[in-house]
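Report on one structure; see the data block that follows.
Since we're looking at a predicted model, the values are computed, not measured. In each ligand, atom 1 is the first atom listed, and ligand 1 is the first ligand listed.
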Amino acid sequence: MDDCLFCKIIKGEIPSKKVYEDNFVYAFLDIEPQAPFHAVIVPKVHIASAAEIDEENSMYVSKIYEAVAKIAKKENLQKGFRVVTNCGEDGGQTVGHLHFHLLARRYLQWPPG
Ligand code: AMP
Ligand code: ZN
């Protein structure tokens, strides 16, 4: 999608600090980290939000979780981590391309605010 921030990051039109990449998934450091380690993991196709996941594209979600496990090993996150997807206005989603936040290296309160 031409005017999508994360599509531009995937294409390299906007710089990012790459954490992981494969044929399906791109992961980069969040520009406004909410934890000492904060990566954003996105599918390499434009899916607007978690509300748009269907039978055709749900494979990307499993690929994203495979990436989570690989990043966690590579970054030594054995103490734990949290994966969060914000969806829509009440969910606090600010970028309209499906993404998963991977947060780690501090104790993460539950329930979140
Ligand atoms: P959300 O608010 O859940 O939609 O998450 C969007 C995330 O993208 C936020 O945590 C932002 O800090 C992050 N973000 C926005 N622009 C950039 C960028 N250019 N590079 C890296 N992360 C970004
Ligand atoms: Zn996009």
Self-check item: Degrees at the Zn ion (ligand 2) between the ND1 atom of His97 and the SG atom of Cys4, nearest 10°
Solution: 110°
Quiz item: Do the side-chain N and O atoms of Tyr20 and Lys74 include a donor-acceptor pair separated by under 3.5 angstrom?
Solution: no
Self-check item: Residue contacts for ligand 1, heavy atom to ligand atom, distance under 4.0 Å
Solution: Leu5, Phe6, Ile9, Phe28, Leu29, Asp30, Ile31, Glu32, Asn86, Gly92, Gln93, Thr94, Val95, His99, His101
Exercise. Would you mind reporting whether Phe28 and Ile41 have side-chain heavy atoms less than 4.5 Å apart?
Key: no
Practice problem: Of all N, O or S atoms in His46, identify the one at the shortest distance from the Zn ion (ligand 2). | Solution: ND1
Quiz item: Quick check: does any side chain N or O of Lys70 sit under 3.5 Å from a backbone N or O of Tyr65, one acting as donor and the other as acceptor?
Solution: no
Quiz prompt | Test item: Asn57 side-chain N/O and Glu52 main-chain N/O as donor-acceptor pair under 3.5 Å | solution = yes
Exercise. Would you indicate whether Asp90, at its atom CG, is surrounded by more than 12 heavy atoms from other residues, nucleotides or ligands within a distance under 6.0 Å?
Key: no
Quiz item: Hey, does His99 have a side-chain heavy atom less than 4.5 Å from the side chain of Thr85?
Solution: no
Quiz prompt | Val61-Ile47 co-clustered via ILVMFWY side chain contacts under 4.5 Å | solution = yes
